[in-house]
Amino acid sequence: YMKKTLLVTLVPVILLSCSGKPTVQDFLDDPELLSKTTNDCIAQVFTEDTIDKETCATAKEAQIQKTKNAVNSVFK
């Protein structure tokens, strides 16, 4: 009974973590993805298309982190 309960509890958590939306680290690891997503977000604003606000916010956070990393590397 305990194994079934654990399995039923873990499956949704695993599925949510694999939702397919890129994380900040995904964007930092793949600059091309970050660039494409940023450009898509900007284009969507101007064309009034539906914006994936979560992905755009994550890309923005990755851009901020990328800039911080660059500044920190210069001053080290």
When you check the gap from the basic side-chain N to the acidic O, do K21 and D52 get nearer than 4.0 Å? yes

Any non-hydrogen side-chain atom of L34 less than 4.5 Å from a side-chain atom of D30? no

For residues T38 and K60, determine if any side-chain heavy atom of one lies less than 4.5 Å from a side-chain heavy atom of the other. no

Minimal non-hydrogen separation, L33 against P22, with atom names: CD2-CB, 4.2 Å

Nearest 0.5 angstrom please: K53 NZ to C41 SG, how far? 12.0 Å

Considering all heavy atoms, the nearest T55-T37 contact: CG2-CG2, 3.7 Å

Nearest 0.5 angstrom please: N72 CG to Q65 CD, how far? 8.5 Å

Distance, nearest 0.5 Å, that separates NZ of K66 from CZ of F27: 11.5 Å

If we count only N and O atoms by modelled type, under 3.5 Å, do the side chains of D40 and Q44 hold a donor and an acceptor together? no

